[in-house]
Amino acid sequence: QVQLVESGGGSVQAGGSLRLSCARSGYAYSNLCMGWFRQAPGKEREGVAAIYTGGASTDYADSVKGRFTISQDNAKKTLYLQMNSLKSEDSAMYYCAAATWWVGGSCRLEVDFGYWGQGTQVTVSS
């Protein structure tokens with residue numbers, strides 16, 4: 001079992017920055033596929049970024065490339081999402097997700113993530 005707790009959401013003006021954190025517990029190993037997803041009211045959930053915690057591979061949605069950076073600290077068992085140049089369309093509930101195994105080799109947003117956090121709200125005002 002993997003437990004995930006997000007933090008760092010809030011309200012910010014367009015052009016501003018926020019850093020989300022996701023603390024994980026309950027899993028003894030450091031080789032997970034972890035990701036950030038978001039869902040705005042009335043819209044489907046979309047993948048934002050993913051990272052393999054056992055290496056350096058990352059995957060980003062086109063909509064956030066160049067603005068968002070996913071990173072992780074295995075010693076602290078914490079996943080981060082640095083969000084810069086925020087836009088109003090980035091407003092959503094952001095969720096942290098984890099997978100302890102997956103098919104296809106690479107850790108990507110298309111992985112079937114089996115563990116999810118409760119989410120943290122990000123609101124960007126224009």
Side-chain angles (χ1 to χ4, degrees):
Q1 293 287 333
V2 182
Q3 289 81 46
L4 304 169
V5 178
E6 303 95 335
S7 62
S11 297
V12 64
Q13 289 191 331
S17 300
L18 280 175
R19 188 176 81 155
L20 306 183
S21 299
C22 171
R24 72 175 189 265
S25 61
Y27 188 69
Y29 305 100
S30 59
N31 54 336
L32 303 96
C33 180
M34 297 195 71
W36 287 100
F37 291 76
R38 65 187 182 188
Q39 188 167 21
K43 295 187 177 181
E44 293 187 355
R45 185 177 65 196
E46 64 170 335
V48 175
I51 188 168
Y52 174 54
T53 63
S57 66
T58 57
D59 184 30
Y60 291 93
D62 289 342
S63 59
V64 306
K65 283 181 181 177
R67 299 189 299 123
F68 290 11
T69 302
I70 189 171
S71 64
Q72 56 93 20
D73 185 331
N74 269 329
K76 296 182 178 180
K77 295 186 178 181
T78 302
L79 177 73
Y80 302 101
L81 184 68
Q82 178 66 44
M83 305 186 293
N84 298 329
S85 302
L86 282 161
K87 306 175 182 179
S88 57
E89 50 263 44
D90 294 318
S91 296
M93 185 71 80
Y94 281 71
Y95 298 92
C96 173
T100 57
W101 68 274
W102 56 96
V103 297
S106 299
C107 169
R108 301 183 63 82
L109 289 169
E110 292 75 23
V111 162
D112 185 10
F113 292 89
Y115 301 95
W116 294 83
Q118 294 300 306
T120 185
Q121 179 68 40
V122 172
T123 303
V124 183
S125 57
S126 56

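We're numbering straight along the sequence, starting at 1.
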What's the separation between atom [atom1] in [X] and atom [atom2] in [Y], rounded to the nearest 0.5 Å?
| X | Y | atom1 | atom2 | value |
| --- | --- | --- | --- | --- |
| S126 | E89 | OG | CD | 9.0 Å |
| L4 | K77 | CG | NZ | 12.0 Å |
| Q13 | S125 | CD | OG | 5.0 Å |

Using the ring of W116 (Phe, Tyr or Trp, six-membered ring only), decide whether R24 places NZ or CZ under 6.0 Å from its centre and within 45 degrees of its axis.
no
Might you point out which heavy atoms bring [X] and [Y] nearest each other, and give the distance in Å?
| X | Y | result |
| --- | --- | --- |
| L81 | A49 | CD1-CB, 4.3 Å |
| A92 | A40 | CB-N, 3.8 Å |
| A61 | G47 | CB-O, 3.3 Å |
| T78 | A23 | OG1-CA, 4.3 Å |

Please collect all salt bridge (Lys or Arg N to Asp or Glu O under 4.0 Å) contacts where either partner lies in residues 96-111, sequence neighbours excluded, each pair once.
D59-R108, R108-E110
Distance-only, no hydrogens or angles: does the [X] side chain make a donor-acceptor pair with backbone N or O of [Y] under 3.5 Å?
| X | Y | answer |
| --- | --- | --- |
| E6 | Y95 | no |
| S91 | V124 | yes |
| R45 | Q39 | no |
| D73 | L79 | no |
| Y60 | I70 | yes |

Taking the side chain as C-beta and beyond, is there a heavy-atom pair between [X] and [Y] under 4.5 Å?
| X | Y | result |
| --- | --- | --- |
| V5 | Q118 | no |
| T100 | Y27 | yes |
| V122 | D90 | no |
| Q3 | Y115 | no |

With the 4.5 Å side-chain cut-off for hydrophobic clustering, are [X] and [Y] part of the same group?
| X | Y | result |
| --- | --- | --- |
| Y29 | I51 | yes |
| V64 | L18 | yes |
| Y94 | V12 | yes |
| Y52 | V48 | no |
| Y80 | V2 | no |

Is the F37 to F113 ring centre distance short of 6.0 Å?
yes
Ring center gap for F68 and W36 short of 6.0 angstrom
no
A quick test of your reading: do over 12 heavy atoms of other residues, nucleotides or ligands sit less than 6.0 Å from CG of N31?
yes
Determine, step by step, whether S63 and R38 satisfy the side chain to side chain contact (heavy atoms under 4.5 Å, CB included) criterion, reporting the C-alpha distance in whole Å, the side-chain angles of both residues, the deciding distance to 0.1 Å, and the verdict.
CA-CA 12 Å; S63 59; R38 65 187 182 188; 3.5 Å; yes
Polar contact flag, side-chain donor to acceptor under 3.5 angstrom, S17-N84
yes
Give a yes or no on whether a salt bridge exists between D62 and K65, defined as a side-chain N under 4.0 angstrom from a carboxylate O.
yes
